[in-house]
Amino acid sequence: MAGLEDLYREIILDHYRNPRNRGELETPPAHMAEGFNPLCGDEIQVFLHVDADKICDMSISGQGCSISQSSASMMTTAVLGKTVDEARQVIRAFKVMMSIHGDDLDGSEHDHSDESVGSDVSLGDLEALRGVVKFPVRIKCATLAWNTLDQGLSEATA
Amino acid sequence: MAGLEDLYREIILDHYRNPRNRGELETPPAHMAEGFNPLCGDEIQVFLHVDADKICDMSISGQGCSISQSSASMMTTAVLGKTVDEARQVIRAFKVMMSIHGDDLDGSEHDHSDESVGSDVSLGDLEALRGVVKFPVRIKCATLAWNTLDQGLSEATA
Amino acid sequence: MTLPVDSTDAPLDTAAIKADFPLLNRQVNDHQIVYLDSAATSQKPRLVIDTLDRYYEEINANVHRGAYHIAELATSATEDARARIQRFIGAPSASEVIFTKNATEAINLIAYSWGRANLNEGDAILITALEHHANIVPWQQLASERGVEIRWLPLTDDGRLDLTDLDQMLDGVSLFAFSAASNVLGTLTPVRQLADAAHEAGALCLVDASQALPHLPTDVTAWDCDFMAFTGHKMCGPTGIGVLWGRAELLDAMPPFLGGGEMILNVTREGFIPNELPWKFEAGTPPIAEIIGLGAAVSYLEAIGMETVRAHEIALTDYALRTLNERHGDDLVIHGPTDTDDRGGVLSICYRDIHPHDLSQVLDQRGICVRAGHHCAKPLMKLLGVGATARASVYIYNDESDVDLLSDALAEAGEFFSHQPA
Amino acid sequence: MTLPVDSTDAPLDTAAIKADFPLLNRQVNDHQIVYLDSAATSQKPRLVIDTLDRYYEEINANVHRGAYHIAELATSATEDARARIQRFIGAPSASEVIFTKNATEAINLIAYSWGRANLNEGDAILITALEHHANIVPWQQLASERGVEIRWLPLTDDGRLDLTDLDQMLDGVSLFAFSAASNVLGTLTPVRQLADAAHEAGALCLVDASQALPHLPTDVTAWDCDFMAFTGHKMCGPTGIGVLWGRAELLDAMPPFLGGGEMILNVTREGFIPNELPWKFEAGTPPIAEIIGLGAAVSYLEAIGMETVRAHEIALTDYALRTLNERHGDDLVIHGPTDTDDRGGVLSICYRDIHPHDLSQVLDQRGICVRAGHHCAKPLMKLLGVGATARASVYIYNDESDVDLLSDALAEAGEFFSHQPA
Ligand SMILES: Cc1ncc(COP(=O)(O)O)c(C=O)c1O
Ligand SMILES: Cc1ncc(COP(=O)(O)O)c(C=O)c1O
C-alpha cells in the first residue's frame with residue numbers, strides 16, 4: 001500500500017516485534033513514570049534507574065501500537081548508559097524532529113535555539129521515525145515514551 | 001403603519017393610558033401574587049381580596065408594555081366581583097383565545113374540552129386582544145396578568 | 001431538498017440515502033470514502049446542512065428576547081424543534097426537553113443539580129461495566145466530593161449485562177445510570193426491565209441513549225425512565241447540541257445548574273428566581289442553529305422511519321458478523337453479543353496481533369474510516385483485556401459493499417504486516 | 001469567498017461588508033432589513049457560513065481520537081482555530097484557550113471549578129453594577145451555597161464605573177469579576193486599571209469580554225487579567241461556542257468541571273486522571289463545527305482589522321448620539337456615557353413614554369431590529385429606574401443610513417401612539 005512504507009519502516013517493525021529492554025525494574029531503586037495516550041489508549045511505564053547522574057538501567061512496559069512501542073524500544077537503546085543531561089539532549093533532538101505539526105499547543109513558531117541544540121545530537125536509528133511526521137495523529141504515539149521519560153527524569157532527579 | 005392596528009386597538013390604548021383598578025391593596029386581608037415576563041422585563045403584582053369565594057376587591061401594580069398593562073386592566077374589570085370559579089372560567093376562555101401559538105410548551109395539540117368550556121364565556125372588551133395572536137411574542141405580554149391571577153387564586157384559596 | 005419517503009416495510013434504499021450525505025461522495029487517498037465510524041459521529045444529510053444555512057442566512061437572531069420579526073422566527077423555529085424532538089422521544093411535554101451542548105453536559109447536569117442536591121456520604125449509585133466515560137467520570141467526581149459509593153453491574157462473557165444480582169446491587173441505590181446501547185460492544189440493554197428494577201428498589205434511573213436514539217425507535221414513556229441523555233451529532237444532527245430529557249416533577253424540584261441569562265425569571269442584588277422549565281436549565285444564549293439543525297435531523301430520521309433504520313441495521317450487522325467471521329476465522333475477534341437481537345451495528349474488532357491503531361492506519365489508505373482506541377470506555381477495555389480495539393460502526397448510509405471493502409482491507413492489512421521483513 | 005482587505009487606516013467600506021452578510025440582504029415587512037441588534041447576536045459573514053458547510057461536507061469527523069484522514073483534518077482544523085483565537089486575544093499559549101458553549105458556561109466554569117475550590121464563608125467577590133446576568137447569577141449561586149459575600153461596584157451618573165472606593169471595596173476580595181463593555185450602556189471599563197487594582201489587593205480578576213472582543217483590539221497580556229470569557233455568536237461566529245481563557249498556572253491548579261470523554265488521561269473503576277490543558281476542561285465531543293466557524297470569524301475580523309472596527313464604531317456612535325439628540329431633543333433619553341472614548345455602539349433608548357416593547361414593535365414594521373427589555377441586566381435596570389429600554393447596537397455592517405432610518409422610525413412611532421384616539 002502506497003505511503004505506508006514511509007511510516008512502517010523495517011527498523012520500526014523490527015523494534016515492535018522484538019522490543020529491547022522490555023520489562024519492569026524494581027522500585028526503588030528504580031523510578032517508574034507512567035504515560036497515557038488518550039487518543040488511542042496506549043499506556044506506557046518507563047522504569048529508570050539513575051545513579052550518579054547516569055541512567056544505569058532502564059526498561060519499558062505497557063502496551064501500544066507499533067509506533068509507540070518501537071519508539072520506546074529505540075529510545076531505550078539511545079539513552080541507556082547516558083547521563084541525564086545527555087538523555088535530555090536526545091529527548092530534545094527527537095522532539096524537534098517530531099515537531100513539524102507540534103505535539104503540544106505552544107503556539108505556531110518553533111524555538112530555533114532548540115533546533116540548534118537538537119541538531120548536534122545524532123539520532124541514529126531513531127531517524128526511521130521521521131516519516132511519522134507525515135501522519136500527524138501518530139506523532140503522539142511516537143512521542144509518548146519520550147514525554148514519559150522526560151517526566152521520569154525530572155521525578156527521579158528531583 | 002399597516003398591521004399595527006390589529007395589535008393596538010383603541011380600547012387597548014385606552015386601558016393602557018387609563019388603567020382601571022390600579023394600585024395596591026393591604027395584605028392581608030388581600031393576597032399579592034407577582035409575575036415576570038422574562039422576555040421584556042415586565043413585572044406585575046396582582047392584589048386579590050377573596051371573601052366567601054368571591055373576588056371582592058382587586059388591584060394591579062407593576063410596569064409593562066401597552067399589551068400587558070391593558071390586558072391586566074381589562075382583566076380586573078372582567079373578574080372583579082365574580083366568584084373564584086367564574087374567574088377561572090374567564091381565565092380559561094382568555095387563554096384559549098391566546099393559545100394559537102401556545103403560551104407554554106404542553107405539546108402541539110389543543111384540548112378541545114377546554115375550548116368548549118371557554119366558548120361559553122363572553123370576553124367582551126377582551127376580544128380586542130385577539131389581534132395579539134398575530135404577534136406571537138406579544139402573547140406572553142397579554143397573558144402575564146392572567147397567569148399571575150391564576151397563581152394568585154390558587155394561593156389565596158389554598 | 002426532498003425528504004426520503006417513509007417506507008416502514010421496504011428495505012432502505014441506501015444508494016439514495018448515501019446521495020443525501022455530501023461527505024460520502026468525497027474521495028480519500030484516491031478511494032471513495034467508506035465511512036464506518038458513525039458511533040463516533042454520524043455524517044450529516046444535506047437537509048441538516050441546508051437548515052443551518054437557512055437559519056444563518058434568513059432568521060439569525062437571539063431567541064426569547066426580541067419582538068422583531070426575525071427574532072420571532074428564530075424563537076419559534078427553536079421551540080418547534082423542541083416539540084419535534086419531544087414527539088420523537090415520546091415525551092409527554094416539550095418543557096421536559098432541555099438543550100445542552102452534548103450528552104456529556106446532560107449527564108453532568110444531573111450529577112451536579114440532582115446529584116449534589118440528593119446524594120451524600122452513605123448513598124450509592126449503580127452504573128454498569130460497559131459505560132462510556134461520560135457516564136462514569138461525573139459520578140466519580142461526585143463520589144470523591146461526597147463519599148458516594150459507585151457500584152458496577154457486571155457483564156456476561158458475550159458482553160451483555162449480567163442481571164443475576166441486579167436486585168441485590170440495587171439495594172440502597174438512589175440512581176441507576178446505564179446506557180441503552182454500548183458504544184464498544186454494540187450491546188442493547190433491556191431498558192424497561194432495568195427501569196422497573198430501579199423503581200422497584202426505590203431508585204431513579206438515567207438512560208444514556210447516545211448510541212440508541214440514532215438507531216432505534218425510542219419512547220421514554222414506554223421505557224418508563226426518569227432521565228435520558230443523548231447527543232445530536234451521532235444522529236445526523238450538528239455538533240454542539242445534546243439533550244437532557246427528564247420527568248417534569250423531578251426537573252421542577254432540582255436546583256438550577258448553570259446560572260445566567262435565559263434561566264431566570266427575575267434577578268435582584270439579593271438573589272434570583274429561576275425560570276420555568278425547560279429554560280431554567282438553559283443558561284445563556286442557546287445553541288440556536290444547532291437546536292434547529294437537530295430538529296431537521298429528527299425530521300430526516302422520521303421520514304425514513306426508525307423501524308426501518310433498525311431493520312436495516314439488523315440486516316447489515318448480521319451480514320457483517322457472518323461474512324467477516326466466515327472469511328477471517330480465527331484471525332478475527334468481534335467483541336460483544338453475537339445475536340443481532342441483542343446488539344446494534346457497532347463492531348469492535350481485533351485482527352491478528354495487529355494493533356488497532358496500526359490497523360486503522362492501513363484501512364485509511366483504502367479510504368475506510370474506523371476508529372482505533374479505547375472509545376472512552378477504559379474500564380470496559382480493561383475488563384475485555386485489551387488496550388484498544390478497531391471499531392467499525394454502521395448507519396443508514398452503509399451497505400453490504402462497505403462491509404465487503406472492510407473485509408478486503410483487513411486481509412490486505414494482514415498481508416502488509418506479515419510481508420514486512422521482521 | 002474573499003476576505004475583506006486589511007485597511008487599518010481607511011474607513012470601513014460598509015457597503016462591501018454588508019454584501020458579505022447574506023441576512024442583511026433580506027426584506028422584512030417589505031423593507032430592507034436594518035439590523036441594529038448586534039449586542040444580542042451579530043449576523044454571520046458568508047465566510048463563516050461556508051466554513052461550516054465545508055466542515056460538514058468535507059471533513060466532518062470526531063476529533064482527537066481518529067487516525068483516519070478526515071478525523072485528522074477535523075482535529076487539525078479545530079486546533080488551528082484554537083491557535084488563531086489564541087493570537088487574536090494575545091494569549092501566550094493555545095493551551096489556555098478553552099472552548100465552552102457560550103460565555104455563560106465559561107463564567108460558570110470559573111464559579112464551579114475555581115470558585116468551589118477556593119471560596120468559602122467569609123470570602124468575598126466584587127462585581128459591578130453593570131453586569132450581565134451571566135456575571136451575576138453564577139456568583140449568587142455560589143454565594144447562597146457557600147456564604148460568600150458579593151459586593152457591587154457602583155456607577156457614576158453617566159453610567160461609568162465609579163472607582164472612588166475601589167481599593168476599599170477590593171479589600172479582602174478574592175475575585176473581581178467585571179465586564180470590559182456593558183451590553184446596556186455601551187460603557188467601556190478601564191480593564192488594565194481594574195486588573196492592577198485587583199492584583200494590588202491580592203485578588204484575581206475575571207473579565208467578561210462578551211461585548212468587547214467583537215468591537216475592540218483585545219490583548220489579555222496587555223490587560224494583565226487572569227481569566228477572560230467571551231462568546232462566539234456576537235463576533236460573527238456561530239451559535240453554540242464560547243471561550244474561556246485563563247492563565248495556565250491557574251487553570252492547571254483548578255479541578256476539572258464537567259467530567260467525561262476528552263477530559264481524561266485515564267479512567268479506572270477507582271478514579272480518573274484529568275487530561276492536560278486545554279482538554280481537561282473540554283468534556284465530551286466538542287462543538288467542532290462551531291470551533292472551526294469561530295476560527296473563520298476571527299480571520300474575517302482580523303482581515304478588517306480591529307483598529308478599523310473600533311474607529312468605524314466610534315464614528316458611527318458619534319453620528320448617532322449627535323443626530324438622534326439633535327432631532328429628538330427631550331423626547332429621547334440615551335443612557336450611558338456621552339463621550340465615545342468611554343463607550344461602544346450600544347444605545348439604550350427611552351423615547352417619550354412609549355414602552356420599549358411597543359417601540360420595537362413599531363420599528364419592526366419598518367424592518368428595523370432593536371431589542372426591547374432588560375437585556376439580562378435587571379439589577380442595572382433597577383438602578384437606572386427603568387423596567388426596560390429599547391436598545392440599538394451597531395457593528396461593522398451598519399452605517400449612517402441605518403441610524404437615519406432609526407431616527408425616522410422613532411418619529412413615526414411617536415406619531416402613531418399620539419394620533420391614536422385615547
Ligand atoms: C456582557 C455580556 N456578558 C455575557 C453575555 C452572555 O453571552 P452568552 O449568552 O452567549 O453566554 C452577554 C450576552 O448575552 C453579554 O452581553
Ligand atoms: C454511550 C455514549 N455515551 C455518551 C457519549 C458522549 O457523547 P458526547 O461526546 O457527544 O457528549 C457517547 C459518545 O461519545 C457515547 O457513545
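Here the structure is a predicted model, which means the values were calculated and not measured. A, B, ... follow the sequence lines: proteins, then strands. Residue 1 opens every chain. FYI, side chains are in, hydrogens and waters are out, and symmetry mates aren't considered; it's all heavy atoms of this structure.
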Where is the tightest heavy-atom contact between [X] and [Y], given as atom of each residue plus distance?
X       : Y       : answer
I292(C) : A74(C)  : CD1-O, 4.3 Å
G284(D) : T104(C) : CA-OG1, 3.3 Å
G237(D) : L294(D) : CA-CD1, 4.4 Å

Does either side chain, that of [X] or that of [Y], offer a donor lying less than 3.5 Å from an acceptor on the other one?
X       : Y       : value
T231(C) : N102(C) : no
T128(D) : E131(D) : yes
H132(D) : S210(D) : no
Y55(C)  : T239(D) : no
Y35(C)  : S42(C)  : no

Atom group of [X] that falls short of 4.5 Å from chain D, counting heavy atoms:
X       : result
N60(C)  : both
F21(C)  : neither
M381(C) : neither
H69(C)  : both
L73(C)  : side chain
P255(C) : neither
A40(C)  : both
L109(C) : neither
I288(C) : both

Identify which of [options] forms the greatest number of heavy-atom pairs closer than 4.5 Å to chain C.
options                            : result
N108(D), V370(D), T268(D), T41(D)  : N108(D)
R371(D), K44(D), H133(D)           : R371(D)
E262(D), H374(D), H233(D), R269(D) : R269(D)
I291(D), I150(D), I49(D)           : I49(D)
K382(D), Q43(D), Q361(D)           : Q43(D)
G240(D), A61(D), A129(D)           : G240(D)

Among [options], who wins on heavy-atom pairs under 4.5 Å with chain D?
options                            : value
I264(C), L52(C), I70(C)            : I70(C)
V28(C), N266(C), N29(C)            : N266(C)
A134(C), S144(C), G373(C), G271(C) : G271(C)
A377(C), A372(C), P238(C)          : P238(C)
A283(C), G367(C), A289(C)          : A283(C)
P379(C), S360(C), C376(C), A71(C)  : P379(C)

- [ ] Using a strict cut-off of less than 4.0 Å between a Lys/Arg side-chain nitrogen and an Asp/Glu carboxylate oxygen, indicate whether K101(C) and E290(C) qualify as a salt bridge.
- [x] no
Task: E282(D)/K280(D) salt bridge by N-O under 4.0 Å criterion - done: no
Open item on the list: Quick check for you: to the nearest 0.5 Å, what is the distance between S113(C) atom OG and L244(C) atom CG?
Closed with: 9.5 Å
- [ ] Would you check if F281(D) and P274(D) make a side-chain contact, meaning some heavy-atom pair closer than 4.5 Å?
- [x] no
- [ ] For the residue pair D20(D) and Y397(D), establish whether any side-chain heavy-atom pair is separated by less than 4.5 Å.
- [x] no
Task: Intermediate values then yes/no, side-chain contact (heavy atoms from CB on, under 4.5 Å), I127(C) and W152(C) - done: CA-CA 5 Å; I127(C) 62 178; W152(C) 301 73; 3.8 Å; yes
Is [X] close to chain C through its backbone or its side chain, or both, or neither, when contacts mean heavy atoms under 4.5 Å?
X       : value
I33(D)  : side chain
L258(D) : both
R26(D)  : side chain
I241(D) : neither

Open item on the list: Please verify the inter-ring angle class for F257(D) with Y112(D); under 30° counts as parallel, over 60° as perpendicular, anything in between as tilted.
Closed with: parallel
